[in-house]
Amino acid sequence: MKLIRYMQLFEIDKNEKYKHLPSAEKAKKISRLLAKRFRPADIDQNRIEMLADKFDVTDESLNNLLNVISSDDVFHEID
């Protein structure tokens, strides 16, 4: 996924502050990690909480990001 596309989604996403997509900088780091190490099937609630704590985002925000960067049983890196 291109950064420009992510930024468009970021601007459109006007959910309440706890559900808003993470900043582009954090999203790039998270997507890089997920694309290299995990598949969507590997992500459970415990892993979501651990990653959210590590990157200082809310669980809901991370869930939104997972939905944006996953397709065809893979995570796509934001570049």
Side-chain angles (χ1 to χ4, degrees):
M1 168 179 278
K2 296 291 181 193
L3 180 60
I4 203 135
R5 176 67 181 134
Y6 182 79
M7 291 306 298
Q8 290 170 340
L9 293 171
F10 182 80
E11 290 301 318
I12 292 170
D13 183 36
K14 297 295 182 188
N15 291 326
E16 58 184 85
K17 72 178 189 177
Y18 295 112
K19 295 182 180 182
H20 199 277
L21 285 168
S23 68
E25 181 181 313
K26 286 183 184 182
K28 285 175 71 171
K29 290 178 184 177
I30 296 169
S31 70
R32 186 177 312 121
L33 172 74
L34 292 172
K36 290 180 180 179
R37 298 187 184 176
F38 300 103
R39 292 184 357 214
D42 299 333
I43 305 298
D44 60 5
Q45 187 59 37
N46 289 333
R47 188 147 326 227
I48 288 172
E49 291 172 4
M50 185 258 323
L51 288 169
D53 289 343
K54 178 178 180 164
F55 290 101
D56 194 29
V57 296
T58 65
D59 297 355
E60 290 296 322
S61 179
L62 184 60
N63 272 326
N64 283 346
L65 177 63
L66 296 178
N67 290 334
V68 168
I69 65 171
S70 66
S71 68
D72 301 328
D73 200 33
V74 294
F75 288 116
H76 300 281
E77 187 173 344
I78 298 172
D79 54 1

Listed pairs under 3.5 Å, donor-acceptor, residues 22-29 side chains, sequence neighbours left out:
unit_1	atom_1	unit_2	atom_2	d
Ser23	OG	Lys26	N	3.4
Lys26	NZ	Asp56	O	3.0

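Residues satisfying the side chain to side chain donor-acceptor pair (under 3.5 Å) test with Glu60, not counting sequence neighbours, are none. In this view, Arg5 satisfies the salt bridge (Lys or Arg N to Asp or Glu O under 4.0 Å) rule with no residue, not counting sequence neighbours.
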* To do: Before giving the answer on side-chain contact (heavy atoms from CB on, under 4.5 Å), spell out for Asp42 and Arg47 the whole-Å C-alpha distance, their side-chain angles and the decisive distance to 0.1 Å.
  => CA-CA 9 Å; Asp42 299 333; Arg47 188 147 326 227; 5.6 Å; no
* Asked: side-chain contact (heavy atoms from CB on, under 4.5 Å) between Asp59 and Glu49: does it pass, once the steps are laid out?
  -> CA-CA 6 Å; Asp59 297 355; Glu49 291 172 4; 3.4 Å; yes
* **Audit row: Ile48, Gln45, side-chain contact (heavy atoms from CB on, under 4.5 Å) steps and yes/no** => CA-CA 5 Å; Ile48 288 172; Gln45 187 59 37; 4.2 Å; yes
* Would Val74 and Arg39 satisfy side-chain contact (heavy atoms from CB on, under 4.5 Å), going step by step from the backbone distance to the final call? -> CA-CA 5 Å; Val74 294; Arg39 292 184 357 214; 5.5 Å; no
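Separating the CD1 atom in Ile30 from the CG atom in Leu62 is a distance of 5.5 Å, to the nearest 0.5 Å. Taken to the nearest 0.5 Å, the CG atom of Asp53 stands 10.5 Å off from the OG1 atom of Thr58. Here the straight-line distance linking atom CG of Asn46 with atom CE of Met50 works out to 9.0 Å at 0.5 Å rounding. Rounded to the nearest 0.5 angstrom, Leu21 CG and Tyr6 OH are separated by 4.0 Å.
The shortest heavy-atom contact between His76 and Ser71 is NE2-OG, 2.8 Å.
Looking only at side-chain heavy atoms (C-beta outward), Val68 and Ile78 stay at 4.5 Å or farther from each other. With a 4.5 Å cut-off on side-chain heavy atoms, Phe75 and Leu65 do not count as touching.
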